[in-house]
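Right, one structure below, let's go through it.
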Amino acid sequence: MLTLEHISKTYPDGTQALNDITIELPSGMVGLLGPNGAGKSSLMRTLACLQTINSGRIQFSGLDILKDPDKLRKQLGYLPQQFGVYPHMGCRALLEHIAILKGLESKKTKQQIDDLLTALNLTQHANKRVSHFSGGMKQRFGIAQALLGDPKLIILDEPTAGLDPAERESLNNLLVSMSKNRLILLSTHIVEDIENQCHFVAMIKGGQLIQSGHIDTLVNQLKGKVWVLKALPRALPKDALVLSQSYRYGEPVFRVYAAERPTTGAVLAAESLQDKYFFELKSRRGELC
């Protein structure tokens, strides 16, 4: 379990990236949701021991991360949003180099690298320079290096960026299979990935925690209150909230939160994590009709 207590971080330019965040994250797949600039990357960099905080306390399985970050690094896998590679090293050679930096046993490393190359569909590219990889291939390499050493805490910032649908599905299946005895913290803008792969979610906005809990519990809070409309009427009930507008086959689709049927023609819909996410963001902005 990862425990954060009153975590705050302000950068030298005065930007408060994290504001008094307190939460307990259980083992398994945990999602992190928030709009751009919400503080997700700042939180992940903090947990990856890449930056200090102004105040607060962080513990992972009884280990005080702030007092002894090196002990956490030995059981940490991290994939940032953007990362660089050595320009003249092949995929396998670079993974072997990273394994040495992580202090991994050489006897086990070769087999694990082979397994990761296979799982991430990189075997045929094992000797090619990573700097020559396509965006999707480079992302798969980044995931492989994060999984090296069987880490107990894995932090992934937008891991499916640049992956095609088949690669995304394969990665999600791999992560879920690996999450049984460790904590995998997944930050992504693809809410569907979190709903399908994670059992727990934390939502942040403006550096503050706005909602957290088991996904099924949070989603069920909207049960019987999400409606689909093909067009918005001139006026909605005072308690109504337009959650989202999208298109299906070129036709507009509105999803609306309301305790009762908001208008004739509204159809009750199955609630989703995306509905809950938009409800938390918009209701806090005072967008209730």
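Positions are given from 1, in the same order as the sequence printed here.
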Open item on the list: When you group the ILVMFWY residues by side-chain heavy-atom contacts below 4.5 Å and let the links chain together, are Ile155 and Ile190 in the same group?
Closed with: no

Task: Donor + acceptor pair across side chains of Glu169, Asn173 (<3.5 Å) - done: no

- [ ] Take Thr3 and Met1, measure what side chain to side chain contact (heavy atoms under 4.5 Å, CB included) needs, and give me the verdict at the end.
- [x] CA-CA 6 Å; Thr3 303; Met1 179 176 290; 4.1 Å; yes

Open item on the list: Is it the case that the side chains of Asn36 and His189 hold a donor-acceptor pair, with the cut-off being a distance below 3.5 Å and no angle test?
Closed with: yes

TODO: For residues Val256 and Leu243, determine if any side-chain heavy atom of one lies less than 4.5 Å from a side-chain heavy atom of the other.
DONE: no

TODO: Give the C-alpha distance, both sets of side-chain angles, the deciding distance and a yes or no for side chain to side chain contact (heavy atoms under 4.5 Å, CB included) between Glu167 and Arg140.
DONE: CA-CA 9 Å; Glu167 291 172 333; Arg140 281 183 274 149; 2.9 Å; yes

- [ ] Measure from the side-chain N and O atoms of Glu5 to the backbone N and O of Ile21, and report whether any donor-acceptor pair falls under 3.5 Å.
- [x] no

Task: NZ on Lys152 to OG on Ser27, rounded to 0.5 Å - done: 11.0 Å

Open item on the list: Angle between ring planes, Phe279 versus Tyr257, binned at 30° and 60°: parallel, tilted or perpendicular?
Closed with: tilted

- [ ] Report yes or no: do Thr217 and Asn220 form a side-chain donor-acceptor pair below 3.5 Å?
- [x] no

- [ ] Determine yes or no for a side-chain-to-main-chain donor-acceptor pair under 3.5 angstrom, with Ser8 supplying the side chain and Asp20 the backbone.
- [x] yes

TODO: State the CZ-CG distance between Phe278 and Leu273, to the nearest 0.5 angstrom.
DONE: 10.5 Å

Task: Gln197 side chain vs Ile194 backbone, donor-acceptor pair below 3.5 Å - done: no

- [ ] Measure the shortest side-chain to side-chain distance between Leu47 and Leu2 over non-hydrogen atoms and say whether it is less than 4.5 angstrom.
- [x] yes

Open item on the list: Just to verify, which of Leu163, Thr160, Leu120 counts as forming a side-chain contact (heavy atoms from CB on, under 4.5 Å) with Gln139?
Closed with: Leu163

Open item on the list: In the structure I gave you, are the side-chain heavy atoms of Val201 and Ser212 within less than 4.5 Å of one another anywhere?
Closed with: no

Task: Distance in Å, Leu95 CG paired with Lys110 NZ, rounded so as to fall on 0.5 Å steps - done: 12.5 Å

Open item on the list: Salt bridge check, Glu271 against Lys276: does any charged N sit closer than 4.0 Å to a carboxylate O?
Closed with: no

TODO: Answer yes or no: is there a donor N or O on one side and an acceptor on the other, between the side chain of Lys128 and the main chain of Gly90, under 3.5 Å?
DONE: no

Task: Side-chain donor-acceptor pair present, Gln51, Tyr11, cut-off under 3.5 Å - done: yes

Open item on the list: For Asp164, is there an ion pair with Arg168 - N to carboxylate O distance below 4.0 angstrom?
Closed with: no

Task: Under-4.0 Å salt bridge between Asp150 and Arg182 - done: yes

Task: From CG (Leu186) to SG (Cys198), nearest 0.5 Å - done: 5.0 Å

TODO: Examine distances only and state if a side-chain atom of His132 and a backbone atom of Pro87 form a donor-acceptor pair shorter than 3.5 Å.
DONE: no

Task: Stepwise side chain to side chain contact (heavy atoms under 4.5 Å, CB included) check, Leu185 with Met44 - done: CA-CA 9 Å; Leu185 185 58; Met44 290 188 150; 4.0 Å; yes

Task: Nearest-0.5 Å distance that lies between atom CG in Leu153 and atom NZ in Lys74 - done: 16.0 Å

Task: N/O donor-acceptor pair under 3.5 Å between Asn54 side chain and Thr10 backbone - done: yes

Taking distance alone, no hydrogens or angles, what donor-acceptor pairs closer than 3.5 Å link side-chain atoms of residues 58-65 to residues at least two apart or in another chain?
{"residue": "Asp64", "atom": "OD1", "partner": "Leu66", "partner atom": "N", "Å": "3.1"}
{"residue": "Asp64", "atom": "OD1", "partner": "Lys67", "partner atom": "N", "Å": "3.2"}

- [ ] Can you establish whether the number of heavy atoms outside Lys225 located under 6.0 Å from its atom NZ is more than 12?
- [x] no

Task: Side-chain heavy-atom pair Leu148, Ile113 within 4.5 angstrom cut-off - done: yes

Open item on the list: Looking at Thr22 and His6, would you say the former's side chain and the latter's main chain have a donor-acceptor pair under 3.5 Å?
Closed with: yes

Open item on the list: Do Met178 and Leu25 land in one hydrophobic cluster if side-chain heavy atoms of ILVMFWY residues count as linked below 4.5 Å?
Closed with: no

Task: Single-linkage hydrophobic cluster Ile184~Leu76, side-chain heavy atoms < 4.5 angstrom - done: no

TODO: May I ask you to test the Ile204-Ile210 pair for a side-chain heavy-atom distance under 4.5 Å?
DONE: no

TODO: Look at the aromatic rings of Phe200 and His214 and report parallel, tilted or perpendicular, splitting at 30° and 60°.
DONE: perpendicular

Task: Short side-chain to backbone donor-acceptor contact, Asn196 and Asp193, under 3.5 Å - done: no

Open item on the list: Taking Phe133 as the starting point, is it possible to reach Val85 by hopping between hydrophobic residues whose side chains are less than 4.5 Å apart?
Closed with: yes

Task: Closest heavy-atom pair and its distance - Ala270, Arg255 - done: O-NH2, 2.9 Å

TODO: Determine the minimum heavy-atom distance between Gln112 and Leu147, stating which atoms define it.
DONE: NE2-O, 3.3 Å

TODO: Check whether any side-chain heavy atom of Leu183 lies under 4.5 Å from a side-chain heavy atom of Ile154, and answer yes or no.
DONE: no

- [ ] Examine the side chains of Asp157 and Ser41 and answer whether a donor and an acceptor come within less than 3.5 Å of each other.
- [x] yes

Task: Geometric cation-pi criterion Lys138 and Phe141, 6.0 Å radius, 45° cone - done: no

- [ ] Quick one: closest heavy-atom pair of Leu209 and Ala202, and the distance?
- [x] CD1-CB, 4.1 Å

Task: Test item: Lys9 side-chain N/O and Thr46 main-chain N/O as donor-acceptor pair under 3.5 Å - done: no

Open item on the list: Looking at Pro252, is its backbone amide N or carbonyl O close enough to the side chain of Gln245 to form a donor-acceptor pair, meaning the two atoms are under 3.5 Å apart?
Closed with: no

Open item on the list: So, taking the atom named CG in Leu122 and the one named CG in Leu116, what distance separates them when rounded to the nearest 0.5 Å?
Closed with: 9.5 Å

Open item on the list: Side-chain heavy atoms nearer than 4.5 Å, only ILVMFWY residues, links allowed to pass through others: does that put Ile100 and Phe83 together?
Closed with: no

Open item on the list: Could you report the tightest heavy-atom contact between Pro69 and Cys49, atom names first, then the distance?
Closed with: CB-SG, 3.7 Å

TODO: Might you work through the side chain to side chain contact (heavy atoms under 4.5 Å, CB included) test for His199 and Asp216, ending with a clear yes or no?
DONE: CA-CA 8 Å; His199 68 102; Asp216 54 355; over 6 Å; no

